[in-house]
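Here the structure is laid out as structure tokens; the discussion comes afterwards.
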Amino acid sequence: MLVPNLLMWAAAVIAALWKLSQLARAPRDKGLHAVTICTVLVVLALTAQLAGHLPAVAAVLPAGFPKLAQNTLLTVFFALLIVVLHGSVSPQLAARRGYREIGLALLTSAVLTATFARTEPDDRTGYEDAAAPDMLAFYLAGNLYLAYACARGAQLARATAEHTRSRARLSLHIAATGLLINLAGVHLPRAISTGSRLFLGVDPIPGTATWTTPVLAIGITTFFLGIGYPGARTALIKTRLWFEARRTYRRLRPLWEALVDRFPTIALFPKASPTQERRHLRALRLRTYRRIIEIRDGLVCLSPYLPEPADTAHTAADHAQLIHAALHRSTDPVTPLRAPSIIAPPATTAPSADTQQLIAIAEQLAKLRASHDCRHTNTHQE
């Protein structure tokens, strides 16, 4: 049972941390406040459940107290969740229905507390071992409310999804699926089992303590995947863009370095070594954009030293040859200057055309300079 519980707890912690990070960036978003509180409550509830299995914690708290804390926190969580979803579906009725949901959650919490208090400490066992009438009533009340809350939450989540045209629509459908898994696979079977054991003395669905726990883990994980899907998708997109920017930044370096070495004033900041650049982790897209601008400034400074005018028909290798020759000519004070011209114009009007053109020239220039250095070394050795 420990593995499913840890899986549920981990999913809840990840969701809570993600929502807290979002709240830090948008502290005035009231809806996000409520959702964040919901996720934190689930973490507290599942933490209380796990803590109950630790001997040191169990020895300090009253017998079975983590189970009471878990169930009462879950009622508050579902009440807040339903209130938030009500506000999305029908804002004009949100206040009245919100009071009703909060009242139902408080009533359930009162029943849970009363039945727990009436149970003898030795009878405050887990769901699988519950036999005392008061303890069975405790689990019956909790599962009945959770069954209702899952059904209502799933219904409202789907209704909200129908009014949503953003990517949050899929997120809400996934969250609703998680709630329905818990409804059909956990709380209804447990409610039927405990109700029958309490009133009839028989268990019509044996083994619910065993097979419903993995289902509960699946349902909770699915629910939090739904909640976290938009944020996770955004994070994946940002990660992909970061790696693309880093790769572009690195591939442009040969051309940028050659131009900065010849025209140091085009660089906004002092030139960094390749090792230092590897430590650049933040604002890579801005750094890449700045590098492209600096390259273009350097090419403008270099254009009067071209041995022949640049032409749009030139390939990347042709442009690299011209740039390589111009860099050498620019060091000769008697070199006749030409009228400035555009070097390596973009082949198309696509937004990425200029970047791709400069990358291709940078790679060709790196090969050309490596070949030139190799020939120079061989000549020197001879």
Side-chain angles (χ1 to χ4, degrees), residues 238 241-377 379-380:
K238 287 184 177 180
L241 292 175
W242 184 88
F243 277 107
E244 286 182 359
R246 187 178 181 85
R247 185 166 178 263
T248 299
Y249 187 67
R250 177 180 56 79
R251 293 172 71 188
L252 287 170
R253 182 178 175 88
L255 178 57
W256 173 84
E257 186 176 37
L259 293 170
V260 170
D261 286 344
R262 183 64 189 89
F263 308 107
T265 56
I266 66 172
L268 182 61
F269 297 110
K271 180 183 171 184
S273 67
T275 302
Q276 291 174 321
E277 282 191 355
R278 292 190 191 99
R279 303 192 190 106
H280 293 162
L281 302 177
R282 301 185 62 183
L284 271 177
R285 295 177 70 185
L286 178 61
R287 290 177 185 273
T288 302
Y289 177 74
R290 192 177 70 212
R291 175 158 287 185
I292 292 171
I293 297 300
E294 290 172 353
I295 287 173
R296 281 297 174 191
D297 289 343
L299 291 177
V300 170
C301 295
L302 186 66
S303 64
Y305 300 98
L306 290 175
E308 61 181 81
D311 191 277
T312 55
H314 284 152
T315 65
D318 295 333
H319 283 297
Q321 289 278 4
L322 288 174
I323 292 170
H324 184 67
L327 286 169
H328 284 284
R329 287 165 58 86
S330 67
T331 60
D332 186 353
V334 298
T335 299
L337 300 183
R338 293 182 175 273
S341 61
I342 299 176
I343 303 176
T348 67
T349 57
S352 62
D354 188 37
T355 303
Q356 295 304 316
Q357 175 81 317
L358 294 179
I359 288 174
I361 294 172
E363 292 176 345
Q364 292 295 327
L365 181 64
K367 293 178 182 178
L368 184 63
R369 299 185 79 179
S371 175
H372 177 78
D373 292 342
C374 183
R375 288 197 302 269
H376 179 74
T377 302
T379 302
H380 180 74

Checklist line | Gap separating the NE2 atom of His319 from the CD1 atom of Ile361, nearest 0.5 angstrom | finding: 5.0 Å
Item checked: Closest non-hydrogen atom pair, Ala326 against Pro307 -> N-CD, 4.4 Å
Check: So do the side chains of Arg246 and Trp242 get within less than 4.5 Å of each other, counting heavy atoms only?
Finding: yes
Margin query: Taking salt bridge (Lys or Arg N to Asp or Glu O under 4.0 Å) as the cut-off, I'd like each qualifying pair that reaches into residues 261-270, sequence neighbours left out, listed once.
Written below: Asp261-Lys271
Notebook entry, point to check: So which heavy atom on Tyr249 is nearest to which on Arg291, and how close?
Noted result: O-NH1, 2.8 Å
Margin query: Return the CG to CG distance between Leu284 and Leu241, rounded to the nearest 0.5 Å.
Written below: 11.5 Å
Check: What pair of heavy atoms forms the shortest contact from Cys301 to Ile266, and how long is it?
Finding: SG-CG2, 4.3 Å
Next item on the list: State, to 0.1 Å, how close Arg287 and Arg282 come at their nearest heavy-atom pair, and which atoms those are.
Entry: NE-O, 3.2 Å
Margin query: Among Ile293, Ile295, Leu299, which residue satisfies the side-chain contact (heavy atoms from CB on, under 4.5 Å) criterion with Asp297?
Written below: Ile293
Margin query: Any heavy-atom pair between the side chains of Glu294 and Arg290 that's under 4.5 Å?
Written below: yes
Item checked: Any residue meeting side chain to side chain contact (heavy atoms under 4.5 Å, CB included) with Gln364, in chain and number order, not counting sequence neighbours -> Ala316, Ala317, Ala320, Lys367
Next item on the list: Search all heavy atoms of Pro254 against all heavy atoms of Leu365 and return the closest pair with its distance.
Entry: O-CD2, 4.3 Å
Note to self: Could you tell me if the side chain of Arg296 sits less than 4.5 Å from the side chain of Leu358, heavy atoms only?
What the structure shows: yes
